[in-house]
Peer 1: 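My questions will all concern the structure given below.
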Amino acid sequence: MAEAEESPGDPGTASSRPLFAGLSDISISQDIPVEGEITIPMKSRIREFDSSTLNESVRNTIMRDLKAVGKKFMHVLYPRKSNTLLRDWDLWGPLILCVTLALMLQRDSVDSEKDGGPQFAEVFVIVWFGAVTITLNSKLLGGNISFFQSLCVLGYCILPLTVAMLICRLVLLADPGPVNFMVRLFVVIVMFAWSIVASTAFLADSQPPNRRALAVYPVFLFYFVISWMILTFTPQ
Amino acid sequence: MASADDLAFHEFEEATNLLAETPDAATTSRSDQLTPQGHVAVAVGSGGSYGAEDEVEEESDKAALLQEKQQQQPGFWTFSYYQSFFDVDTSQVLNRIKGSLLPRPGHNFVRHHLRNRPDLYGPFWICATLAFVLAVTGNLTLVLAQRRDPSIHYSPQFHKVTVAGISIYCYAWLVPLALWGFLRWRKGVRERMGPYTFLETVCVYGYSLFVFIPMVVLWLIPVPWLQWLFGALALGLSATGLVFTLWPVVREDTRLVAMVLLSAVVLLHALLAVGCKLYFFQSLPPENVAPPPQITSLPSNIPLPPTLPQSMAPS
């Protein structure tokens, strides 16, 4: 900071500057590639300086985060090319979705068979390590999306598949049989397509055009595996 | 005129020697055409197997690659080091997959398709796809078998995903490591052609596993002799690709070592294919494949959820 003060700058105006005015000259130069959105929107900066978030009630804090999560859910369900998921990324939504999915997919603990469905930890590991692997792959291929933005998008786009899981569980309460299976198959396929479309709408633009397919294929594989786990779920 | 020609050929020989010494740079692909004394005039004049213009192009390629590699050497702790292994386009990956599916005797996969730019994208995602496809189709076989014969107990068998993943990744990364180590150990016996780098070996193995993916999907058809036929076809294609790629390297070794190495490679590949078939597609009790058993088994399925045939198993 001392250097900024003493930096040559404009000799003509140096004498009339107030103290620490050089600080405003510090900015991120344009040729350093920065990923993600780093400018702080004006509204929240004012909020921070007010420090009113310390004094607000817990209900307000929780509702604010829940509303943000809910807004992103809406963006996933009606995918449009918008920046909301990328700009204000958060990992609450993916965590809620992953825990819900894993809780519903796990087999009963003690007296279930050895080769049944996945355990809670297995689903968790598949979702998070799968998302991390896809993100690393996308970055290694030269995409300009940041790590957490990509995790956020992939996690939020599990929402259609979680809805499919809920529907499948409801359908499984009815009589089993081929009709039952067909309904579940149809629901899972539709939701799988929805997930892919939603995530591609957000992720595809961040890749150079000659590598887009290379970056999208692992996403396809990821959601395919999750759909398979949902489809083969059988209640004990 | 004659002196200019001599200069040109001399430069080519120097480049060849330089490249043969540095293990990481592009190695010559024409070693079988050249003698160490560099009587290149004969080889160029007779055209070789690639043609004169390809030779000029490859020489400039090699020179450019040499320059590149000397300029940028990012350390292995930087991200850009690993980014250099993913520097492929969609068309290049598809081209490499096609090259592994259709091995041709003259075209060495490493020289012709990789062109000394191995990538990690292909091996990694082909292995991942193969592992998941194995687990999924293995489970699907159980579903189809249970629809034919309700006494078979269906379960999602999720542990097979873990088994498939570990076995495929171990095969695709440890076997190339062993092969690369062995080839480097025998490097002293070979004069002309350097061994492949580790990444190139991994690439060869990774892309050769691609043909197993459609083979595994076709194994859904529950006709045993057809399954073995598909298995043999896929294994033949894949092993042929491997052998054609390795042949120029082991050819200069003693016959015994060359034969043992190539047969070991083919044997390991066959073991993988047979192991997958036996573990993931366990032979179920034989039943007639004709449609009538399916129709008659449906009514008995309906009142029972699919996981409760334990009560029916004794019957």
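Residue numbering restarts at 1 for every chain, and letters A, B, ... go by the order of the sequence lines.
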Peer 1: Within the structure provided, determine whether B:F124 and A:P218 are in side-chain contact (heavy-atom separation under 4.5 Å).
Peer 2: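 SC-SC contact between B:F124 and A:P218 ruled out.
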
Peer 1: Any side-chain heavy atom of B:F158 within less than 4.5 Å of one from A:T232?
Peer 2: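 The answer is no, as the side chains (C-beta and beyond) never meet within the 4.5 Å cut-off.
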
Peer 1: Out of the candidates B:D89, B:V93, B:D119, B:L94, only one should pair with A:L214 under the side-chain contact (heavy atoms from CB on, under 4.5 Å) rule; please name it.
Peer 2: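 Passing option: B:V93.
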
Peer 1: Is it the case that more than 12 heavy atoms not belonging to A:F224 sit under 6.0 Å from its CZ atom?
Peer 2: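 No, the 6.0 Å shell around CZ holds no more than 12 heavy atoms from other groups.
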
Peer 1: Looking only at non-hydrogen atoms, find the nearest pair between A:K139 and B:Q83 and report the distance.
Peer 2: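 A:K139 and B:Q83 have their closest heavy atoms at O-NE2, 3.2 Å.
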
Peer 1: Heavy atom to heavy atom, less than 4.5 Å: which residues from residues 131-139 of chain B reach chain A?
Peer 2: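 Within residues 131-139 of chain B, the residues under 4.5 Å from chain A are B:F132, B:V136, B:N139.
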
Peer 1: Using side-chain heavy atoms (C-beta onward) and a distance below 4.5 Å, is B:P156 in contact with A:F233?
Peer 2: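 Answer no - side chains too far apart.
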
Peer 1: Can you tell me which portion of A:L172 sits under 4.5 Å from chain B's heavy atoms? Options are side chain, backbone, both or neither.
Peer 2: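 It is neither, since no heavy atom gets under 4.5 Å.
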
Peer 1: Hey, is the main chain of B:H159 close enough, under 3.5 Å, to the side chain of A:E122 for a donor-acceptor pair?
Peer 2: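 No, because the side chain of A:E122 does not come within donor-acceptor range (under 3.5 Å) of the backbone of B:H159.
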
Peer 1: Decide yes or no for A:N137 and B:W125: does some side-chain heavy atom of the first lie under 4.5 Å from some side-chain heavy atom of the second?
Peer 2: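 Side chain of A:N137 against side chain of B:W125, heavy atoms only: contact under 4.5 Å found.
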
Peer 1: Tell me if a side-chain donor or acceptor on A:R211 pairs with a main-chain N or O of B:T90 at a distance below 3.5 Å.
Peer 2: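 Looks like no, no N/O pair under 3.5 Å.
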
Peer 1: Can you say whether B:Y82 sits under 4.5 Å from chain A via the side chain, the backbone, both, or neither, judging by heavy atoms?
Peer 2: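 Its backbone and side chain both get close to chain A.
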
Peer 1: Heavy-atom count check: over 12 atoms from other residues, nucleotides or ligands less than 6.0 Å from B:Y279 OH?
Peer 2: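 Enclosed.
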
Peer 1: Under 4.5 Å, counting heavy-atom pairs only, tell me which of A:N210, A:N180, A:V225, A:L141 racks up the most with chain B.
Peer 2: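 Option with the greatest count: A:N210.
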
